[in-house]
J.: 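Before we start, here is the structure in question, set down as structure tokens.
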Protein chains: 2
Amino acid sequence: MAGVSPGTVSRALADSPLISAKTRERIQAIAREHDFRPNAVARNLRTQRTGAIGVVIPLGHETGQHISDPFFMTMLGLLADSLTERGYDLLLSRIIPSDPQWLSRMASSGRVDGLIIIGQSDQAATLDAVAARYRPLVVWGGHVEGQVHCSVGSDNRLGGEIATAHLIARGARRIAFFGDPRAREIAQRLEGCRAAMAAAGLSHALQLFPTHLVADTSHADIVRFLGEQGKDGIDGIVAASDVIASSALRAMVSLSLHAPDDIRVIGYDDLPIARQTLPRLSTIRQELTAGADALVDLLFRRIGGEDCASFVMPPKLIVRHST
Amino acid sequence: MAGVSPGTVSRALADSPLISAKTRERIQAIAREHDFRPNAVARNLRTQRTGAIGVVIPLGHETGQHISDPFFMTMLGLLADSLTERGYDLLLSRIIPSDPQWLSRMASSGRVDGLIIIGQSDQAATLDAVAARYRPLVVWGGHVEGQVHCSVGSDNRLGGEIATAHLIARGARRIAFFGDPRAREIAQRLEGCRAAMAAAGLSHALQLFPTHLVADTSHADIVRFLGEQGKDGIDGIVAASDVIASSALRAMVSLSLHAPDDIRVIGYDDLPIARQTLPRLSTIRQELTAGADALVDLLFRRIGGEDCASFVMPPKLIVRHST
DNA sequence: TTGAAAGCGATACCAC
DNA sequence: GTGGTATCGCTTTCAA
């Protein structure tokens, strides 16, 4: 085309040092003129790197969930900022892991240089299996003893315990836990909740209501549950997330139940929405900004070959007006 | 490996109909055992399709902006839902178009099957140039006569006019427009604002304050501007977005200015945050859900070879308590 | 400093 | 039905 070999063109366009300045100039000029641009896919195939990080949201226990869920969006935004800052793109997938191969398919597809999984869902075993062979993998979620995959998240058990103890301290006795314990983080929060109830001698008074995470479908269920229970059935709700808590608060309004007088409600996450409910939501704060930074940081350390442990952050009680 | 040719393996794993059931079974079994997974990048290279759509946020006029901006995140979530529903992944890039090649590089990199651009920024000319040659491209933003690229967005000029007319109807006379007109949508909103002022014989009383879109850096500027103006300088603010409006409301609080009594404030977008300001924000609603669906729909029609026009949605005045 | 040629890992066409 | 083989578009040794 320009009278040189493809190899030379490649070098010229890559600003390789082992090429004369004038041939480089000439080739770049011609490339610009015919606006030629190297095909990234071919380059990826050859170099075995892509400059993209896969962000995946596994929905093992929850098929209806949308990416536009406030928690995911918050996390996603933070990850996007952090990754694009480092010059990486994000490949976003929502996956319903019907097929147990879902993760290793992503991992060895060659489309990404690393993987960030948001939430373990009910796939902790799969994550462990893949993590054993695929290094550049980090997970937002709960940590347990002996876990193979590297995770970042708050101490969910402690968070659940603090939340419940707070409700008890405020006078609640008949408490319901709203959340689906098939997800590891939720299971840990429930565990903490149980511990706090036991410590107060209230083990018998805990009800588990396995709300779906999906706001739309769960809301009707919540209304029904609260309708049946009334304020005589329960006087406290430990919600596994702010989204669930805010749904519960709205349900209470529609049933003329008042928070905190009739039922005290506490959430988890401290998303922006927690400040916008009526009454404003007491909750357990997770530092998502720090969490996202840690995820990205650990991921790149692992890409670099380093081996690094999970990162567990302390949860923090935020008292507002719903308790 | 299994005693057959690579071609046969490929067919077996792709469930091709021209292969015997038993060889298929046998090969798939072997593949599963050694957990072999085809390399997607190589496949992409050969088939020239990737199953991914690029979503890019050009920041031509605004380098500090983050993806976690509420408008982007809302739009991104809606697009992600819609695209993943159709089995496509999202490749998310934040691009600062210092290099005029930024778009065509993305387009012809072969990494994506189509491109959705969020906001024209100041790159409308580039978009037109690329759209002339690259079909699968749709843009969120403003539409102008003779525009080459296919866009989806609200009628920004009309929206700006409605917003301003509303302020005037509420008694505002000395109005400031907050927004950077280098972005096409903003320029159109400003144009509408000017028209409404002219219609009321108030052309002389319009001030333009070219706020940055970035919340952090602009806030201080807004405080300074409002401090200088005071309530005698202006009695109405037409903000180019809800984010800017909410920043203005907070600035007013810190200056002991009251909305709507001292200064009436109206936003644009009707994001969730508009309902959470104090006082709650009057604004011009854009139907983002419909917009995202339209973007995706038009994109796939264009990928299918169809030619389709821009889509302009009617803006709608939402009156709350800030005006 | 440049050219030739060997892959990267699949798919698809063409014979058999 | 299945096996060979060219090809997708680039990068990168190895020689010259």
Side-chain angles (χ1 to χ4, degrees), chain A residues 1-52 54 89 91 101 104-114 133-134 136, chain B residues 1-52 54 89 91 101 104-114 133-134 136:
Chain A
M1 16 212 90
V4 294
S5 78
T8 308
V9 174
S10 174
R11 285 184 277 253
L13 264 41
D15 281 331
S16 158
L18 24 64
I19 203 171
S20 79
K22 51 185 289 243
T23 22
R24 185 200 351 248
E25 278 311 315
R26 196 166 57 83
I27 292 175
Q28 291 191 349
I30 294 180
R32 219 169 306 132
E33 193 174 338
H34 297 277
D35 56 51
F36 167 84
R37 245 164 311 285
N39 179 312
V41 174
R43 179 204 274 109
N44 296 345
L45 180 58
R46 180 67 234 241
T47 59
Q48 308 287 40
R49 67 177 300 283
T50 65
D89 292 328
L91 187 70
Q101 307 278 297
S104 51
R105 175 177 302 130
M106 261 268 88
S108 50
S109 71
R111 296 210 299 172
V112 294
D113 296 341
R133 296 183 297 95
Y134 181 76
Chain B
M1 15 213 94
V4 294
S5 77
T8 307
V9 174
S10 174
R11 285 184 279 253
L13 264 41
D15 281 330
S16 158
L18 22 65
I19 203 171
S20 79
K22 51 185 288 246
T23 20
R24 187 203 345 251
E25 277 312 315
R26 197 165 56 83
I27 292 175
Q28 291 191 350
I30 295 179
R32 219 170 306 132
E33 194 175 338
H34 297 276
D35 58 50
F36 168 85
R37 244 163 312 286
N39 179 313
V41 174
R43 194 223 298 317
N44 295 346
L45 179 58
R46 181 66 238 236
T47 60
Q48 309 286 33
R49 67 176 298 284
T50 65
D89 292 328
L91 187 70
Q101 307 278 297
S104 51
R105 175 176 302 130
M106 260 268 91
S108 50
S109 71
R111 297 211 298 172
V112 295
D113 296 340
R133 296 183 297 95
Y134 181 76

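Order of the sequence lines sets the chain letters (A, B, ...), proteins ahead of strands, with each chain counted from 1. The analysis underlying the following values was restricted to heavy atoms, covering all of them including side chains, and did not include hydrogens, waters or symmetry mates.
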J.: Any side-chain heavy atom of A/R43 sitting closer than 4.5 Å to one from A/R49?
T.: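 Side-chain contact under 4.5 Å: no.
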J.: Starting at CZ of A/R43 and ending at C1' of C/dG7, how long is that distance when rounded to a whole Å?
T.: 17 Å
J.: Do you know which two heavy atoms are closest between A/R111 and A/T50, and how far apart they sit?
T.: O-OG1, 3.4 Å
J.: For B/S20, report the nucleic acid contact type (base, sugar-phosphate, nothing); a contact means any heavy atom under 4.0 Å.
T.: sugar-phosphate
J.: Give a yes/no answer on whether the side chain of A/T8 brings an N or O atom under 4.0 Å of OP1 or OP2 in C/dT2.
T.: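 It does not, given that no N or O in the side chain of A/T8 lies less than 4.0 Å from OP1 or OP2 of C/dT2.
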J.: Determine the sole option in B/S16, B/P6, B/P17 for which the side-chain contact (heavy atoms from CB on, under 4.5 Å) test with B/R11 is passed.
T.: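 When B/S16, B/P6, B/P17 are each tested with B/R11, the side-chain contact (heavy atoms from CB on, under 4.5 Å) holds only for B/S16.
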J.: Return the minimal non-hydrogen interatomic distance between B/I19 and B/T8, and the atom names on each side.
T.: CD1-O, 3.6 Å
J.: A/T47 has a side chain; which of C/dA12, D/dT12, D/dG9 sits nearest to it?
T.: D/dT12
J.: Quick one: is B/T23 getting a side-chain N or O under 4.0 Å of the D/dT2 phosphate, OP1 or OP2?
T.: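 So the side chain of B/T23 is within the cut-off, an N or O lying under 4.0 Å from OP1 or OP2 of D/dT2.
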J.: Taking the nucleotide of DNA chain C with the nearest heavy atom to each, does B/A14 or A/P17 sit closer to the 5' end?
T.: A/P17
J.: So, does the side chain of A/R11 form a donor-acceptor pair with the base of C/dG3 at under 3.5 Å?
T.: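 Indeed, a donor on one side and an acceptor on the other fall under 3.5 Å apart.
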J.: Starting at CD of A/Q48 and ending at P of D/dT12, how long is that distance when rounded to a whole Å?
T.: 11 Å
J.: On DNA chain D, compare the nucleotides closest to B/P6 and A/P6; which residue's is nearer the 5' end?
T.: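 The 5'-side residue here is B/P6.
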J.: Could you state the atom-to-atom distance from CG of B/L18 to P of C/dA12 in whole Å?
T.: 11 Å
J.: Expressed in angstrom and rounded to an integer, what is the separation of A/L13 atom CG from D/dT11 atom C1'?
T.: 12 Å
J.: Rounding to a whole Å, what distance do you find between B/N39:CG and C/dT11:P?
T.: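 Those two atoms, CG and P, are 10 Å apart.
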J.: Nearest to the side chain of A/S5, heavy atoms from C-beta on, is which of C/dG9, C/dA4, D/dT2?
T.: C/dA4
J.: Return the value, rounded to whole Å, for the distance between atom CZ of A/R46 and atom C1' of D/dT11.
T.: 5 Å
J.: May I have the distance from A/I19 (atom CD1) to C/dG3 (atom C1'), rounded to whole angstrom?
T.: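 About 12 Å, once rounded to whole Å.
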J.: Would you kindly give the CZ-to-C1' distance between A/R37 and D/dT11, to the nearest whole Å?
T.: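 Rounded to whole Å, this separation is 19 Å.
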J.: Using distance alone, with no hydrogens and no angle criterion, decide if B/D15 and B/Q28 have a side-chain donor and acceptor under 3.5 Å apart.
T.: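 Yes, because at least one side-chain N or O of B/D15 sits under 3.5 Å from a partner of the opposite role on B/Q28.
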